[in-house]
Amino acid sequence: MKIGIIARINCHSCIKIARRIIELIPESWELVLEDKLAKALNRKGVNFKDIDADIIIVVGGDGTILRTAQLSRGKILGINVGGLGFLSEVEIGNIEESIYNLIKGNYKTYEVMKLNVYVNDQLFGKGINDVVIHTARISKIRKFSVYINDRFMENTSADGVIVATPIGSTSYSYSAGGPILIPSLKAMVISYIAPFGSRLRPIVCPDDSKITIKIIGRFSSLVIIDGQREAVVNGNDRIDIRVSDERLTFIELKNSFYDRLREKLIKDVVN
Ligand SMILES: NC(=O)c1ccc[n+]([C@@H]2O[C@H](COP(=O)([O-])OP(=O)(O)OC[C@H]3O[C@@H](n4cnc5c(N)ncnc54)[C@H](O)[C@@H]3O)[C@@H](O)[C@H]2O)c1
Ligand SMILES: Nc1ncnc2c1ncn2[C@@H]1O[C@H](COP(=O)(O)OP(=O)(O)OP(=O)(O)O)[C@@H](O)[C@H]1O
């Protein structure tokens, strides 16, 4: 069994937790550490891009998980240290019990879809949460043309447009008023950030759709994948988004999506 461990950057508590996890991992397991964590532990490490393991334990929050999903390969077990940790399975209080269950194989897995993002027909990157096309200047609204399967749907003026997966529907798209898509739903949702004077509402479309966003006008916008990768796009650039054949696997020990939804998204509102 090859196990990778990645920790959030500049997080001392993450390093201490990673050190304890290493003590618990069977010596027979092959261990690979991300460079910055390895340096903090005086051990050898590898770049994110070179981590290809059976399981990757990610000690940090959602962004570290999303960065790992972008760059590394392996089933992900997230340990939440500090932030919201919506994508994390393990909280600080039950790390040892979780690692024991991982070692014994007492866990389930679930797959999440990936999005392929093309800019002018060139593959720009892949994401598991969302693709955001956002005005590059906060003071300037942008005009976008939205197509589904090359069929023109609508022009809209907004701060931005979000295309989210089910797992990403509880993030930026949710903040922009989008619906929650249950993780097993084979669909994407298009949401709008501060749409100007538009009656447009978020639109859910099948996972075999091609969603195209064209930038109208000469001002720049940004295309951002999972908050991790971004590039400038300009007037007449075209962003195509399709669901990839690839999937990312997460390890689930005892929480369900509904537990995370209740505990991390709605409890401050409802309870
Ligand atoms: N206004 C907003 O809600 C907003 C703005 C920018 C980015 N984002 C989200 O942040 C993500 C990147 O995460 P980050 O931690 O690197 O950025 P970040 O540090 O800006 O965190 C954004 C927040 O979104 C949470 N989050 C991330 N993925 C989530 C998910 N699938 N469901 C529920 N909450 C989630 C994070 O825990 C964090 O609290 C992007 O994919 C985007 O969805 C949200
Ligand atoms: N090892 C790393 N090397 C470089 N950058 C990293 C590393 N770990 C995390 N980051 C960056 O730091 C950002 C913040 O990390 P993360 O989101 O995990 O912390 P957080 O915001 O406290 O948690 P949450 O997102 O759950 O609220 C991420 O978006 C990620 O891009």
Side-chain angles (χ1 to χ4, degrees), residues 4-15 17-18 32-41 45-51 56-72 76 78-92 110 112-115 117 125-135 138 158-183 188-189 191-194 202 222-230 241 248 250 255 257-268:
I5 305 181
I6 293 172
R8 180 172 65 228
I9 195 166
N10 304 327
C11 170
H12 298 297
S13 51
C14 301
I15 293 165
I17 290 167
V32 57
L33 304 177
E34 186 270 324
D35 270 336
K36 291 178 274 306
L37 171 62
K39 188 160 179 261
L41 297 174
V46 298
N47 185 286
F48 267 95
K49 289 187 169 56
D50 300 324
I51 295 179
I56 304 176
I57 299 176
V58 181
V59 187
D62 291 325
T64 310
I65 287 173
L66 293 167
R67 183 182 181 82
T68 302
Q70 283 282 321
L71 302 171
S72 310
I76 288 181
I79 296 180
N80 181 35
V81 180
L84 176 71
F86 190 87
L87 301 173
S88 299
E89 170 65 26
V90 180
E91 298 296 333
I92 292 270
Y110 63 94
V112 299
M113 70 170 70
K114 284 191 176 183
L115 298 178
V117 184
K126 299 174 189 276
I128 63 168
N129 253 6
D130 45 35
V131 187
V132 178
I133 298 102
H134 195 286
T135 175
I138 56 170
D159 287 6
V161 183
I162 304 165
V163 177
T165 64
I167 203 85
S169 70
T170 45
S171 193
Y172 207 164
S173 174
Y174 183 76
S175 300
I180 293 171
L181 303 186
I182 302 302
M188 294 178 271
V189 56
S191 299
Y192 300 92
I193 307 169
L222 296 173
V223 54
I224 307 139
I225 303 178
D226 285 0
Q228 304 301 316
R229 286 199 64 183
E230 69 181 53
I241 299 150
L248 179 72
F250 280 92
N255 292 323
F257 166 75
Y258 303 99
D259 296 327
R260 297 203 306 277
L261 188 63
R262 190 177 56 255
E263 280 306 305
K264 302 200 171 184
L265 215 61
I266 56 179
K267 72 171 183 181
D268 294 337

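First listed ligand is number 1; within each ligand, the first listed atom is number 1. Position 1 is the first residue of the sequence; numbering continues from there.
- Taking any N or O of L87, backbone or side chain, none lies under 3.5 Å from an N or O belonging to ligand 1.
- Under a 3.5 Å cut-off, the side chain of Q70 and the backbone N or O of K126 do form a donor-acceptor pair.
- Between the side chain of D226 and the backbone N or O of D130 there is at least one donor-acceptor pair closer than 3.5 Å.
- Distances below 4.0 Å separate heavy atoms of S175 from the following atoms of ligand 1: 1 (N), 2 (C), 3 (O).
- Note that SG of C14 and CG of N80 are 9.0 Å apart. Values are rounded to the nearest 0.5 Å.
- Proximity of atom 18 (P) of ligand 1 to the protein is not indicated, since no non-hydrogen protein atom lies closer than 4.0 angstrom.
- A donor-acceptor contact shorter than 3.5 Å is absent between the side chain of T64 and the backbone of A7.
- Counting only heavy atoms, the protein gets under 4.0 Å from atom 43 (O) of ligand 1.
- Checking each of I193, V223, D159 against V132 for a side chain to side chain contact (heavy atoms under 4.5 Å, CB included) leaves exactly one that passes, namely I193.
- In this structure, D62 contributes its side chain and I65 its backbone to no donor-acceptor pair below 3.5 Å.
- For Q228, the closest heavy-atom approach to ligand 1 falls below 4.0 Å.
- Residues with a heavy atom under 4.0 Å from ligand 2: A7, R8, I9, E34, K36, F48, G61, D62, G63, T64, R67, G83, L84, G85, Q228.
- Atom numbering of ligand 1 starts at 1 in the shown order; those under 4.0 Å from a heavy atom of L66 are 12 (C), 13 (O).
- Classification of the F86-F257 ring pair by plane angle, with boundaries at 30° and 60°, yields perpendicular.
- Exactly one residue among L71, L37, D35, I51 makes a side chain to side chain contact (heavy atoms under 4.5 Å, CB included) with I6. That residue is I51.
- The closest donor-acceptor contact from the side chain of S72 to the backbone of K49 lies at 3.5 Å or more, if one exists at all.
- Looking at ligand 1, you won't find any N or O of L265 less than 3.5 Å from one of its N or O atoms.
- Under 4.0 angstrom from ligand 1, the non-hydrogen atoms of Y172 come from both its backbone and its side chain.
- The protein reaches atom 27 (C) of ligand 1 closely, with a heavy atom under 4.0 angstrom from it.
- Nearest protein heavy-atom contact of atom 39 (O) of ligand 1 is L84 CB, 3.8 Å.
- Annotation: atom 25 (C) of ligand 1 to nearest protein heavy atom, D62 OD2, 3.7 Å.
- For the pair K264 (side chain) and G85 (backbone), a donor-acceptor distance under 3.5 Å is present.
- In this view, E89 satisfies the salt bridge (charged side-chain N to carboxylate O under 4.0 Å, His left out) rule with no residue, not counting sequence neighbours.
- Annotation for ligand 1: atoms under 4.0 Å from non-hydrogen atoms of T170 are 30 (C), 31 (N), 32 (N), 33 (C), 34 (N).
- Residue T165 holds its OG1 atom at 5.5 Å from CG of N129, rounded to the nearest 0.5 Å.
- The protein heavy-atom contact nearest to atom 41 (O) of ligand 1 is D130 OD1, 2.9 Å.
- Within the 4.0 Å cut-off (strictly below), no protein heavy atom is located near atom 23 (C) of ligand 1.
- Remark: side-chain polar atoms of T170 are paired, donor with acceptor, to backbone N or O of I167 under 3.5 angstrom.
- Rounding to the nearest 0.5 angstrom, the gap separating the OG atom in S171 from the CG atom in L87 is 8.0 Å.
- For atom 10 (O) of ligand 1, the nearest non-hydrogen atom from the set G168, S171, G61 belongs to S171.
- Listed by number with element, the atoms of ligand 1 under 4.0 angstrom from any heavy atom of G63 are 14 (P), 15 (O), 16 (O).
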